[in-house]
Amino acid sequence: MFAHGQTVIQYVERLAPKSLAYEGDKIGLHVGTLQKQVKKVMVALDVLESVVDEAIAEGVDLIVAHHAVIYRPLKNIRTDLAAGRVFEKLIKHDIAVYTAHTNLDVAVGGMNDWLAEVIGLNKVEVLDVIHRDSWKKLAVFVPASHRDAVFQAISEAGAGFVGNYSHCSFQTEGTGTFKPGEGTNPFIGTTGKLEKVEEVKLEMVVPASRQSAVVKAMLAAHPYEEVAYDIIPLEQAGTGYGIGRIGVLSQPITLRQLAELVKERFSLQGLRVVGDLDGQVKKVAVVGGDGSSFVSKAIFKGADAYLTGDIGYHTAHDAQAEGLSIIDAGHNIEKIMKQKLADYLNELLKANGYQTEVIASTMHTDPFQFV
């Protein structure tokens, strides 16, 4: 059984909800349709002609990309030019293209967490919090026989996370009463007769952004025709979402050593460095892509060094004056998302019984090289 296109994208958006994207960001379906079965998916950083040729050769039905294939308004689609040929080939071979950009950057467990993980940061926090998810509490009454099924379903949908702990709940045993009326089809009991059932009150916290998914999972796993549950708003501040991460290395190293580590971990020919190469580095900020606008935030948060791409000349001067070292490793270090997202999707698809295969594009799309 192969997954429907919409199912694949639901899994992408479970990790990187659209609501996390910056306003005006070009995310979502760009080319083709998701109303089809998908046998093979390819994850790509950029949708260039070489990437599309690779997708055709691999028999791909859907490309999930980080960078938009339609970023600027299209004035024409000329198939005698490279940009037009991309769309021609995609449409002729029925390959859909879906983009997850700043929503994947912001997502917990997404792009910037992957970057922090690759260079070995600990005690990782969001560099620039743009909003906080509010908390809700779900309380649902479940017959004892289905306690575990409902608990597992809503946990997997996103309920019960407290810090780095998952599956957090409070479960109270008691007796539920109900009388099925005319026209009902009760799971337990008889129409017109008062029933008493051993039930469990299951209480779990839920991020507001996951409420819909959690309720859907709960209703699917619950045996009752009419489910009794409450959604209660909470006052506690929820998870902070934003661009970039900041954390600490397990032990101090020199800026030169950090630069060499970045070159090795991201398979780079070279990179640009601002700062004293022999200076000590312990606290490091990271932002995937163009990080120029977050230099002041890295300084404010006390970073010793800042790993990002596309740093301008004058911005580098400003950072240097404030004592912030910078490693400009280029925009293309975001290429790590290809294998990371492919592994994530393969795991979910396999766990749900789908034969759909997800591969990472092997095309090198960095336009820059060192000579």
Side-chain angles (χ1 to χ4, degrees), residues 42-51 54 65-67 100-102 104-105 109-122 124 127 243-295 298 303-317 319-320 324-344 359-371:
M42 186 168 76
V43 180
L45 178 60
D46 306 288
V47 186
L48 306 182
E49 187 172 7
S50 60
V51 174
E54 179 187 20
H66 187 50
H67 294 142
H101 188 222
T102 52
L104 186 61
D105 291 333
M111 177 69 79
N112 284 289
D113 281 317
W114 293 331
L115 292 171
E117 178 187 348
V118 168
I119 64 171
L121 294 186
N122 303 300
V124 176
L127 179 64
I243 290 290
R245 300 293 185 265
I246 187 166
V248 295
L249 298 167
S250 56
Q251 61 183 21
I253 59 176
T254 66
L255 179 61
R256 187 191 306 275
Q257 289 173 319
L258 179 59
E260 291 295 339
L261 182 146
V262 169
K263 278 181 64 177
E264 176 192 347
R265 299 281 172 88
F266 293 98
S267 303
L268 303 175
Q269 294 177 322
L271 40 72
R272 302 190 300 168
V273 182
V274 177
D276 178 4
L277 289 172
D278 295 319
Q280 292 288 298
V281 173
K282 175 72 172 179
K283 195 171 188 178
V284 182
V286 297
V287 169
D290 181 350
S292 292
S293 59
F294 299 97
V295 167
D304 302 313
Y306 179 36
L307 170 62
T308 188
D310 302 346
I311 292 294
Y313 182 82
H314 297 295
T315 302
H317 271 160
Q320 188 177 47
L324 175 68
S325 298
I326 293 180
I327 297 177
D328 185 340
H331 208 117
N332 197 252
I333 60 171
E334 292 184 317
K335 64 190 176 186
I336 64 166
M337 60 80 59
K338 295 188 291 184
Q339 194 60 57
K340 294 286 190 179
L341 186 55
D343 290 345
Y344 162 82
I359 62 173
S361 170
T362 62
M363 288 295 107
H364 181 69
T365 58
D366 191 348
F368 300 105
Q369 55 185 317
F370 289 84
V371 296

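Reckoned from all heavy atoms, side chains included, excluding hydrogens, waters and symmetry mates.
- Counting only residues at least two apart or in different chains, salt bridge (Lys or Arg N to Asp or Glu O under 4.0 Å) contacts with residues 361-371 are absent.
- The stretch residues 331-341 participates, sequence neighbours left out, in these salt bridge (Lys or Arg N to Asp or Glu O under 4.0 Å) pairs: E117-K340.
- Taking the side-chain hydrogen bond (donor to acceptor under 3.5 Å, both in side chains) definition, one finds that Q320 meets it with nothing, sequence neighbours left out.
- A search for side-chain hydrogen bond (donor to acceptor under 3.5 Å, both in side chains) contacts involving S293 returns nothing, not counting sequence neighbours.
- When the side chain to side chain contact (heavy atoms under 4.5 Å, CB included) test is applied to E260, the partners found at least two apart in sequence or on another chain are K263.
- For the side chain to side chain contact (heavy atoms under 4.5 Å, CB included) test, residues two or more places apart in sequence or in another chain that qualify with A298 are A285, A303, Y306, L324.
- Applying the side-chain hydrogen bond (donor to acceptor under 3.5 Å, both in side chains) rule to S50 yields no partners; only residues at least two apart in sequence or on another chain are considered.
- T308 pairs by the side-chain hydrogen bond (donor to acceptor under 3.5 Å, both in side chains) definition with nothing, not counting sequence neighbours.
- Under the salt bridge (Lys or Arg N to Asp or Glu O under 4.0 Å) criterion, the residue pairs touching residues 269-283 are R256-D278, R272-D328, with sequence neighbours excluded.
- In this view, D343 and Q339 satisfy the side chain to side chain contact (heavy atoms under 4.5 Å, CB included) rule, not counting sequence neighbours.
- Applying the salt bridge (charged side-chain N to carboxylate O under 4.0 Å, His left out) rule to D113 yields the partners R245; only residues at least two apart in sequence or on another chain are considered.
- Partners of D46 under the side chain to side chain contact (heavy atoms under 4.5 Å, CB included) rule, at least two apart in sequence or in another chain, are L48, H67, N332, T365.
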